[in-house]
There are 2 protein chains.
Amino acid sequence: MSLAMPDDGKPVRRTAILDAAEAQFAQHGYDGVNLRAIARDAGVDVALANYHFGKKRDLFDAVLMRRAEVLNAWRLKALEDALSEARPNPPSVEAIVRAYLRPLLTGSHVTEPGWKHYYALIAYVNNSPDWGGKLMTQFFDPLIIQFIDALRLSLGDVDEKALYWSYHCFSGALTLTFAETGRIDLLSKGLCHSDDLAGAYEHVVRFITAGFESIRPT
Amino acid sequence: MSLAMPDDGKPVRRTAILDAAEAQFAQHGYDGVNLRAIARDAGVDVALANYHFGKKRDLFDAVLMRRAEVLNAWRLKALEDALSEARPNPPSVEAIVRAYLRPLLTGSHVTEPGWKHYYALIAYVNNSPDWGGKLMTQFFDPLIIQFIDALRLSLGDVDEKALYWSYHCFSGALTLTFAETGRIDLLSKGLCHSDDLAGAYEHVVRFITAGFESIRPT
DNA sequence: GCCATATTTCAACACTTGTTGAAGTGGGGA
DNA sequence: TCCCCACTTCAACAAGTGTTGAAATATGGC
């Protein structure tokens with residue numbers, strides 16, 4: 001294996017471009033970023049981004065795709081663990097919510113800052129009228145459908161509309177929290193910190209779990 | 001009063017620019033929009049935006065400010081109504097949540113499409129690491145603090161961190177829902193519709209109310 | 001060492017961007 | 001009528017944009 005190759009067999013400069021693009025897109029959005037700034041951060045020439053990824057929009061998709069596959073695999077594993085632990089009963093709503101959230105905190109991202117940028121990027125995409133619908137569906141729906149199936153199993157004969165709107169609330173709360181915009185720091189006058197995701201974790205789990213439980217048929 | 005003046009005494013072209021800018025910023029974000037496209041939609045010359053509002057960024061702030069003042073007034077009225085109806089007891093959590101949400105649905109926006117664009121714009125701002133913290137604080141915090149005070153009154157001796165993180169979840173769920181990204185339409189395979197805000201209303205109220213109730217001390 | 005291939009750099013094009021200053025328009029008061 | 005003023009248009013600049021083709025360099029197999 002060449003010295004120019006990281007573990008995945010791709011050139012180091014290629015991943016350097018992905019890392020720089022990820023950070024920039026997360027901070028400023030797709031249109032707020034230019035390729036020269038990305039290239040500068042990555043320490044490469046402008047044209048190299050085009051050589052490896054094609055158009056700017058293709059680079060954006062590549063950034064989204066890279067960690068989506070990893071995150072989906074982690075979440076699927078966590079969900080299957082929750083299902084098998086509870087078998088033959090359905091898992092609790094809280095166990096499902098935790099399976100959806102835990103991979104965000106227990107992955108390699110603790111030592112890899114790229115993951116935090118990625119979460120902010122997902123918040124940007126999720127809330128964009130331009131791409132929110134299409135891109136989130138493309139990258140995450142196959143997995144999300146399985147989580148909704150699990151919730152349906154856990155909650156019983158639940159109203160379908162209520163279930164989807166509840167997940168929608170979950171999605172909005174989650175992406176904003178992990179975007180780390182600094183909003184809660186200002187609102188709480190320093191009591192809470194955006195970058196304290198571990199501290200936010202239990203609060204989010206409780207809030208969301210209660211929300212889903214409220215639609216359980218009596 | 002001149003024929004060139006609408007009710008508020010400002011030139012019609014000035015508000016035409018605000019309307020066009022609002023729609024464009026909401027759809028594509030700050031950097032995804034150029035002044036020539038705004039001017040074209042407004043039916044005016046490019047330079048006119050600069051004459052009325054100064055720099056592009058100042059126009060953006062003017063768009064945010066215009067409806068923020070109206071929305072804050074509506075919400076304050078709704079909150080005061082909820083407080084006085086319940087007096088001498090504190091209002092229920094649900095009554096407070098409804099006071100926060102109802103103005104989004106009962107205002108003049110039913111006949112005025114600009115409000116829907118505005119909600120999408122708020123979702124964009126709220127989730128932006130660049131501006132989320134500062135701008136939301138600047139335009140909405142004075143009112144939001146009053147809502148959090150009311151929630152604290154209603155919930156009793158509640159954990160402060162849990163209260164702020166719960167509001168944070170509320171904020172994320174709300175802004176995403178009113179951004180109408182089309183996401184839920186695809187996820188639910190047509191069962192739910194992003195633009196059916198009236199239909200979403202009861203589901204959001206229930207989900208959020210249950211979330212806040214979960215932090216009530218026992 | 002040699003060659004085909006992959007990677008990287010360089011320089012430049014064609015186009016869009018925000019912003020500006022000067023000129024033009026129309027109405028109301030002196 | 002003339003002038004002042006707010007409003008609007010016109011034309012243009014200077015900087016920045018994504019993208020490209022050709023040249024240069026490095027790499028790995030023979």
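A, B, ... follow the sequence lines: proteins, then strands. Residue 1 opens every chain.
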S.K.: Where do Arg206(B) and Glu94(B) land on the salt bridge (charged side-chain N to carboxylate O under 4.0 Å, His left out) test, with the steps shown first?
M.R.: CA-CA 8 Å; Arg206(B) 178 176 41 200; Glu94(B) 181 176 333; over 6 Å; no
S.K.: Check whether the side chains of Asn126(A) and Ser171(A) place a donor and an acceptor atom closer than 3.5 Å, and report yes or no.
M.R.: yes
S.K.: Strictly below 4.0 Å: does Arg13(B) bring a side-chain N or O up to OP1 or OP2 of dT9(D)?
M.R.: yes
S.K.: Suppose we screen for side-chain hydrogen bond (donor to acceptor under 3.5 Å, both in side chains). Which residues come up paired with Tyr118(B), at least two apart in sequence or across chains?
M.R.: none
S.K.: Strictly by modelled atom types, are His28(B) and Asp31(A) linked by a side-chain donor-acceptor pair under 3.5 Å?
M.R.: no
S.K.: To check you understand the geometry: which heavy-atom pair defines the closest contact between Ala123(A) and Asn127(A), and what is its length?
M.R.: O-ND2, 3.0 Å
S.K.: Taking everything shown except Lys56(B) itself, do over 12 heavy atoms lie less than 6.0 Å from its NZ?
M.R.: yes
S.K.: Can you pull out the residues from residues 36-43 of chain A that lie within a 4.0 Å heavy-atom distance of DNA chain C?
M.R.: Arg36(A)
S.K.: I'd like a table of atom pairs between the protein and nucleotides 22-24 of chain D - only N or O on both sides, under 3.5 Å - with the distance next to each one.
M.R.:
none

S.K.: Provide the full list of salt bridge (charged side-chain N to carboxylate O under 4.0 Å, His left out) pairs with a residue in residues 138-149 of chain B, sequence neighbours left out, each pair given once.
M.R.: Arg183(A)-Asp141(B), Asp149(B)-Arg152(B)
S.K.: What residues in residues 51-59 of chain B put a non-hydrogen atom under 4.0 Å from any atom of DNA chain C?
M.R.: Lys55(B), Lys56(B)
S.K.: With a 4.0 Å cut-off on heavy atoms, is Asn34(B) in touch with a base, just the backbone sugar-phosphate, or nothing at all?
M.R.: sugar-phosphate
S.K.: Do Asp19(B) and Arg66(B) pass the side chain to side chain contact (heavy atoms under 4.5 Å, CB included) test, and can you show the C-alpha distance, the side-chain angles, and the key distance before you say yes or no?
M.R.: CA-CA 10 Å; Asp19(B) 290 341; Arg66(B) 175 173 59 156; 2.9 Å; yes
S.K.: Ring centroids only, cut at 6.0 angstrom: are Phe212(B) and Tyr167(B) within range, meaning strictly under it?
M.R.: no
S.K.: Can you tell me if Asn50(A) touches the phosphate of dT20(D), counting only side-chain N or O atoms and a distance under 4.0 Å to OP1 or OP2?
M.R.: yes
S.K.: Excluding sequence neighbours, so at least two apart, what forms side-chain contact (heavy atoms from CB on, under 4.5 Å) with His52(A)?
M.R.: Pro11(A), Arg14(A), Ile17(A), Leu48(A)
